[in-house]
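Contents: one structure, followed by commentary.
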Amino acid sequence: MSTPDDADTNGGEEYGEAEINDRGRLTIPKPLRDDLGIEGGTAFTVIREGNTIRLVRRLPELQTVSTGRSREEWGDDAFRDAGRATFGEE
């Protein structure tokens, strides 16, 4: 079991205690959920490292967003070369 001193030496911040209920559910302390923007339905991968359990938040799949305009319709408005558009001609 870790102590408050362990949290400091491992570079972590302590947010209190959590307890597994009789149905196997773990509640993440509210201040930590608020700090990390964790809401109901957030998915985690559970990883065991010896006697340590690590929860890694799964990020949602990226989606392509389109205005519906074709490449021809964009013409010179599109920044196809972000380097040149940002830093000018070489």
Side-chain angles (χ1 to χ4, degrees):
M1 182 170 158
S2 70
T3 65
D5 290 335
D6 291 337
D8 292 335
T9 59
N10 292 327
E13 185 175 340
E14 187 170 323
Y15 281 86
E17 293 185 1
E19 185 175 311
I20 304 259
N21 71 14
D22 59 346
R23 296 186 68 178
R25 294 181 177 157
L26 173 74
T27 300
I28 297 172
K30 184 162 178 23
L32 179 56
R33 292 192 321 261
D34 291 345
D35 284 355
L36 296 177
I38 297 171
E39 299 175 346
T42 301
F44 292 87
T45 299
V46 180
I47 300 171
R48 177 182 174 184
E49 296 173 343
N51 289 331
T52 301
I53 298 170
R54 205 163 44 103
L55 301 176
V56 179
R57 183 181 353 193
R58 285 193 265 157
L59 298 177
E61 293 291 323
L62 296 178
Q63 297 179 359
T64 301
V65 178
S66 174
T67 63
R69 291 172 71 181
S70 70
R71 289 181 182 212
E72 291 76 30
E73 289 174 299
W74 275 107
D76 292 336
D77 293 340
F79 290 152
R80 302 230 184 269
D81 184 339
R84 206 175 310 142
T86 303
F87 302 109
E89 298 291 329
E90 292 182 353

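Checking side-chain atoms of Arg33 against main-chain N and O of Asp35 turns up no donor-acceptor pair under 3.5 Å.
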Show the atom names and distances, to 0.1 Å, of all donor-acceptor pairs under 3.5 Å that link a side chain in residues 38-45 to residues at least two apart or in another chain.
{"residue": "Thr42", "atom": "OG1", "partner": "Glu39", "partner atom": "N", "Å": "3.2"}
{"residue": "Thr42", "atom": "OG1", "partner": "Glu39", "partner atom": "O", "Å": "2.6"}

Per-pair distances, 0.1 Å, donor-acceptor, side chain in residues 24-32, under 3.5 Å, sequence neighbours excluded:
{"residue": "Lys30", "atom": "NZ", "partner": "Asp34", "partner atom": "OD1", "Å": "3.0"}
{"residue": "Lys30", "atom": "NZ", "partner": "Asp34", "partner atom": "OD2", "Å": "3.1"}

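Put simply, the side chain of Ile47 does not reach to within 4.5 Å of the side chain of Ile53, judged on heavy atoms.
Every residue meeting the side-chain hydrogen bond (donor to acceptor under 3.5 Å, both in side chains) condition with Arg54, not counting sequence neighbours, appears here in chain and number order: Glu49.
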